[in-house]
Amino acid sequence: EAQVTQNPRYLITVTGKKLTVTCSQNMNHEYMSWYRQDPGLGLRQIYYSMNVEVTDKGDVPEGYKVSRKEKRNFPLILESPSPNQTSLYFCASRTYRDGNTGELFFGEGSRLTVL
Amino acid sequence: RKEVEQDPGPFNVPEGATVAFNCTYSNSASQSFFWYRQDCRKEPKLLMSVYSSGNEDGRFTAQLNRASQYISLLIRDSKLSDSATYLCVVNRNTGGFKTIFGAGTRLFVKA
């Protein structure tokens with residue numbers, strides 16, 4: 001089954017404790033991206049990757065890091081989480097074979113609370 | 001001003017009603033356009049792509065007006081199961097390859 005898998009789905013942590021949210025897709029998609037969703041603001045792009053070893057900032061990259069060492073994986077790293085990073089996070093992927101027109105496939109989301 | 005703007009609603013409509021959502025985008029370099037549907041606390045899923053010629057998928061019709069930078073979604077014969085948030089989404093590749101989401105329009109369909 002074609003899917004994007006995120007882990008953990010739910011996490012409560014404390015300020016300053018490094019954490020990683022993993023994202024994996026099995027569709028051989030070139031493009032992967034991370035979003036956060038907050039009430040009234042919609043989904044905002046954190047980082048994206050066009051392919052292996054190619055990453056770029058989205059609209060809200062501060063406080064986050066990513067890496068793309070393998071095509072299928074795109075982890076999101078919070079080196080020193082703060083309460084303003086409490087949010088619902090989505091990973092998504094799509095092919096780039098159709099240019100910039102392809103459908104985004106989303107993971108089920110990771111709800112993060114930073115105390 | 002947000003790059004993609006939608007009326008947040010909520011729209012409260014009875015079953016069988018026709019409802020229309022609008023969306024405007026500000027970046028004229030935007031290339032492709034979509035409507036996604038998001039159920040409460042779930043991931044967004046593609047509802048339909050939007051083309052200048054207009055396109056229809058069953059009870060759903062989407063339209064794009066590039067000159068006015070305006071996108072619409074029409075839902076006919078609303079069902080209870082249509083209750084969700086509808087996200088207007090725009091792709092562009094200026095300033096990076098970006099996918100920009102509107103904040104969403106909430107729809108409640110009541111019996």
Side-chain angles (χ1 to χ4, degrees), chain A residues 2-6 9-10 23 25 27 29-51 54-61 66 68 87-113, chain B residues 1-10 21 23-27 29-53 55 57 62 64 66 71 84-106:
Chain A
Q3 59 186 7
V4 179
T5 304
Q6 297 179 225
R9 295 286 316 283
Y10 303 92
C23 175
Q25 50 94 5
M27 295 169 279
H29 285 168
E30 298 85 4
Y31 182 97
M32 297 185 74
S33 184
W34 277 102
Y35 299 87
R36 61 177 289 173
Q37 186 172 32
D38 303 289
L41 297 177
L43 281 89
R44 293 179 292 166
Q45 192 170 37
I46 303 171
Y47 270 94
Y48 65 95
S49 170
M50 297 294 293
N51 216 321
V54 180
T55 63
D56 211 343
K57 296 178 181 179
D59 296 315
V60 288
V66 293
R68 187 92 182 271
S87 188
L88 177 59
Y89 291 86
F90 288 104
C91 180
S93 73
R94 63 177 169 89
T95 183
Y96 208 71
R97 287 190 291 276
D98 302 321
N100 210 9
T101 61
E103 173 186 356
L104 269 174
F105 292 84
F106 284 85
E108 293 183 295
S110 297
R111 185 164 292 279
L112 171 65
T113 301
Chain B
R1 183 188 172 199
K2 294 179 183 176
E3 186 169 341
V4 177
E5 299 225 54
Q6 299 179 245
D7 181 346
F21 303 142
C23 167
T24 57
Y25 61 96
S26 59
N27 193 322
S30 299
Q31 297 175 289
S32 51
F33 309 88
F34 310 87
W35 285 100
Y36 278 71
R37 170 193 168 127
Q38 186 175 26
D39 294 296
C40 188
R41 298 177 181 272
K42 298 285 188 71
E43 73 273 24
K45 293 185 178 177
L46 179 68
L47 179 65
M48 58 198 305
S49 301
V50 188
Y51 306 110
S52 297
S53 53
N55 49 302
D57 183 1
L64 166 66
R66 283 188 182 269
I71 304 162
T85 297
Y86 291 83
L87 306 175
C88 177
V89 182
V90 170
N91 281 355
R92 59 171 168 81
N93 64 1
T94 55
F97 293 91
K98 300 285 183 70
T99 299
I100 313 297
F101 288 78
T105 298
R106 191 75 176 91

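The figures here come from the full heavy-atom set of this structure, side chains too, leaving out hydrogens, waters and symmetry mates. Below, chain A is the first sequence line, B the second, and so on; all start at residue 1.
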- Structural part of B:P8 lying under 4.5 Å from a heavy atom of chain A: neither

- Note on the structure: Rounded to the nearest 0.5 Å, the CZ atom of B:R41 sits from the CD atom of A:Q37 at a distance of 10.5 Å

- Message: Is there a side-chain contact between A:R94 and B:L46 in this structure, where contact means two heavy atoms from C-beta onward sitting under 4.5 Å apart?
- Response: no

- Task: May I ask you to name which of A:P39, A:G42, A:S33 has the most heavy-atom pairs under 4.5 Å with chain B?
- Result: A:G42

- So what's closer than 4.5 Å to chain A heavy atoms on B:Q6: side chain, backbone, both or neither? neither

- Query: Can you tell me how far OH of A:Y48 sits from OG1 of B:T99, rounded to the nearest 0.5 angstrom?
  - Reply: 9.5 Å

- Considering all heavy atoms, the nearest A:L41-B:A103 contact: C-CB, 4.2 Å

- Turns out that what part of A:F105 lies under 4.5 Å from chain B's heavy atoms comes down to neither

- At what distance, to the nearest 0.5 angstrom, does OH of B:Y36 lie from CZ of A:F106? 6.0 Å

- Query: Tell me, side chain or backbone of A:Q45 under 4.5 Å from chain B's heavy atoms, or both, or neither?
  - Reply: side chain

- Task: Under 4.5 Å heavy-atom distance to chain B, tell me which part of A:R111 shows up: side chain, backbone, both or neither.
- Result: side chain

- Item | B:K45 portion near chain A, given a 4.5 angstrom heavy-atom threshold | neither

- Query: About how many Å separate CD of A:E103 and CG of B:N91, when rounded to the nearest 0.5 Å?
  - Reply: 11.5 Å

- Message: Show the nearest heavy-atom pair for residues B:K98 and A:K57, with the distance to one decimal.
- Response: CE-O, 3.7 Å

- Considering non-hydrogen atoms only, spot the tightest contact between B:K42 and A:F90 and give its length. O-CZ, 3.5 Å

- Scored by heavy-atom pairs under 4.5 Å with chain B, the best of A:L104, A:D38, A:D59 is A:L104

